[in-house]
2 protein chains.
Amino acid sequence: MATLKDVAALAGVSVKTVSNVVNGYAFVKPENRRRVEEALVSTGYRPNLGARNLRRGRTGFVALVLPELVVPYFAELAGLVLGAAQEREWNVLIEQTLGTREGERDTLASLGPHMIDGAIVSPEALQARDFGELAPGIPVVMLGEHSVDLPIDHVGIDNVEAARAAVAHLVGLGRTRIAAIGAHPHRGTAAQRLEGYRLALAEAGLPVRDSLVATALNYHRRDGAEAMARLLAADEPPDAVFCFNDLLAVGAVRAAAERGVRVPADVAVVGFDNTEEGAYSLPSLTSVAPDKAAIARAAVDLLRRRVEDPERPPEHVRTPFSLEIRDSTRSGA
Amino acid sequence: MATLKDVAALAGVSVKTVSNVVNGYAFVKPENRRRVEEALVSTGYRPNLGARNLRRGRTGFVALVLPELVVPYFAELAGLVLGAAQEREWNVLIEQTLGTREGERDTLASLGPHMIDGAIVSPEALQARDFGELAPGIPVVMLGEHSVDLPIDHVGIDNVEAARAAVAHLVGLGRTRIAAIGAHPHRGTAAQRLEGYRLALAEAGLPVRDSLVATALNYHRRDGAEAMARLLAADEPPDAVFCFNDLLAVGAVRAAAERGVRVPADVAVVGFDNTEEGAYSLPSLTSVAPDKAAIARAAVDLLRRRVEDPERPPEHVRTPFSLEIRDSTRSGA
DNA sequence: CATCGTTGATACAACGTTGTAAACCGCCCG
DNA sequence: CGGGCGGTTTACAACGTTGTATCAACGATG
């Protein structure tokens with residue numbers, strides 16, 4: 001593997017001059033520049049990033065910490081972050097926490113302070129305040145959970161508003177027994193979506209019944225199916241369900257189908273995340289659609305600014321969302 | 001950030017002694033060892049991996065190169081590789097090629113030789129032989145495509161056999177006009193699955209009709225839907241479809257539903273990859289189920305052995321598969 | 001007592017890169 | 001003609017770590 005030294009020897013100049021050419025330093029005699037460039041090509045020189053970063057004190061790596069890649073929302077998001085980071089010449093290290101608190105702690109601890117220039121974290125169990133101690137001095141941008149009181153950069157949609165819009169849509173269909181699937185004791189986003197759900201019901205003059213709020217400890221298809229089964233088995237089953245993500249909704253739709261309950265005729269279903277899976281499922285899924293590309297771009301951008309100036313005041317970026325209406329809430333279907 | 005030097009100063013020993021303690025060198029006086037360990041804890045020392053790797057000539061990073069994370073099969077696989085690599089104390093760099101030849105070339109080129117100890121590559125457009133020139137000297141393990149003639153480690157299922165089993169299953173249902181969706185001019189796996197499809201038809205004494213083989217330039221839901229639409233619009237539409245992955249199958253099912261064609265009554269559908277999405281879709285999808293965990297483990301293991309001994313002869317690991325039979329091919333449903 | 005081997009500790013160099021400061025060149029100006 | 005100045009190049013040190021060689025101390029051996 002060719003190093004600067006080899007190139008320098010071949011071009012008959014010093015190592016530093018080669019380094020200067022590589023880094024685009026202006027004052028290099030054209031003649032030398034030509035010779036160096038020739039030597040660079042003929043040796044196939046590639047900088048040793050480890051050495052460069054050791055010298056510069058940066059690594060060029062960013063961590064993307066998220067619960068699980070098998071959750072389509074995170075897979076889509078990861079893809080977009082990868083793309084956005086590529087433009088900034090960052091390499092992305094994806095870490096899965098599996099949603100457990102230990103997983104998140106381990107991940108952040110094991111990354112070590114030297115490995116990464118910063119991290120984009122989509123927390124699930126972890127409280128935001130844990131970050132200070134776990135990743136001391138590492139620039140962090142948080143996704144999803146909204147925690148205004150903490151001095152940490154943050155990107156996300158307005159979960160309360162989004163949930164309210166989703167439930168308002170169900171209200172608009174004339175549904176009155178609207179359930180929610182996805183309540184969770186420790187998840188910030190869950191609390192916010194539940195809040196939006198309650199607000200929408202209150203605005204419509206509908207009662208908020210505990211029996212219609214289903215907890216889901218994970219947000220997988222299986223959890224949605226189980227929750228829906230419980231709801232349908234109850235005395236007064238719902239005529240609409242707002243699920244806190246698309247996977248829960250997919251599970252809910254399946255559980256309904258298995259029991260001969262029609263969607264949307266008997267139960268209308270709204271999901272969250274607007275994954276492609278939901279758009280293709282039968283019936284296609286109405287879903288809250290966060291602008292994932294905007295989230296990814298904003299997160300990478302915020303992290304870049306934070307890395308460049310660690311002292312700047314933390315920023316909260318609110319990205320837009322919309323409601324994609326599909327067959328699972330269309331009466332015609 | 002504490003360095004060896006800081007720890008050494010605090011413990012009153014030399015830098016090297018601290019290094020020896022950190023690396024578990026045997027001959028350190030118990031007294032000194034104790035002092036060093038104390039200092040390590042109190043300074044919260046974490047080795048600078050960049051420096052360590054610079055010295056050792058290894059990076060501790062492995063690349064996982066795949067087409068797209070939004071394809072559930074790759075997301076699932078990535079999650080499993082992440083897990084398997086973690087046990088080996090490797091960090092995984094996930095790179096998306098977006099399935100284009102340029103993407104794959106760029107990715108491999110940009111990683112550079114210094115960045116990674118090796119790569120696990122799931123090629124799509126790229127020909128296997130391109131790797132030699134693109135990543136000279138980098139240990140590579142290939143996934144999926146079977147290319148016995150090349151001196152590269154390889155992990156995958158027997159695609160011909162798997163496809164044959166899937167189509168044989170459809171034959172067993174009494175279907176006679178069995179279509180295939182997913183033919184592709186440049187994809188090795190596509191060619192193999194098509195081969196298995198042909199074999200199964202031949203064994204059953206059924207003709208192979210070109211009009212029943214649908215090309216898909218990508219393997220997304222949309223492509224499956226479009227291909228299915230073409231097949232259904234033809235003079236003699238199929239009574240069964242073998243899709244080369246689950247996404248194509250999901251799209252195909254949707255296209256059928258939109259045209260009032262019932263699955264499986266009118267058309268039975270088999271997918272490939274056994275993704276969770278398929279298991280929960282309506283109807284649930286019969287699918288060829290590669291043992292993804294085994295693939296991930298084998299790939300990481302093979303790469304580790306290759307890194308440790310670059311001279312060993314290349315190995316081809318054949319991982320098992322099964323056929324998961326679900327509603328999309330069950331007559332009762 | 002001289003020699004040797006073992007244990008324990010250290011100094012030094014090196015990995016490949018880049019920032020700093022100094023040196024060199026030619027040229028213009030006083 | 002000496003001093004200064006901008007352009008151009010270079011030597012050197014440093015980033016944090018670890019392999020090699022060296023060295024000191026010690027008890028055992030001949």
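Keep in mind that the numbers below use all heavy atoms, side chains included, and drop hydrogens, waters and symmetry copies. Throughout, protein chains are lettered first and strands after them, A, B, ... in sequence-line order, and every chain is numbered starting at 1. Keep in mind it's a predicted model, so treat the numbers as computed, not measured.
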Please determine whether a side-chain nitrogen of the Lys or Arg among A:Glu31 and A:Arg34 lies less than 4.0 Å from a carboxylate oxygen of the Asp or Glu. yes

Would you call B:Arg305-B:Asp301 a salt bridge at under 4.0 Å N-O? yes

Take the C1' atoms of the five end pairs on each side of the helix from C:dC1-D:dG30 to C:dG30-D:dC1, derive the two axes, and give their angle rounded to 10 degrees. 70°

Just checking A:Arg33: does its CZ atom have more than 12 heavy atoms from other residues, nucleotides or ligands closer to it than 6.0 angstrom? yes

Quick one: pull up CG in A:Leu98 and CG in A:Asn218 and give me the separation to the nearest 0.5 Å. 10.0 Å

Describe, in one word, how the ring planes of B:Tyr219 and B:His184 are oriented to each other, choosing from parallel (under 30°), tilted (30 to 60°) and perpendicular (over 60°). perpendicular

Let's see if you can work this out: which of C:dT18, C:dT17, D:dA11 has an atom nearest to the side-chain heavy atoms of A:Ser19? C:dT18

For the side chain of B:Val13, counting heavy atoms from C-beta on, which of C:dA9, C:dT7, C:dT10 is nearest? C:dT10

Starting from the 5' end of DNA chain C, give me the residue, B:Leu54 or B:Val28, whose nearest nucleotide shows up first. B:Val28

Is any side-chain heavy atom of B:Leu303 closer than 4.5 Å to a side-chain heavy atom of B:Pro139? yes

Polar atom pairs between nucleotides 19-27 of chain C and protein, under 3.5 Å, N or O only, would you list them?
unit_1	atom_1	unit_2	atom_2	d
C:dG19	N7	A:Lys16	NZ	2.8

Looking at residues at least two apart in the chain, or sitting in another chain, which of them share a side chain to side chain contact (heavy atoms under 4.5 Å, CB included) with B:Ala75? A:Ala75

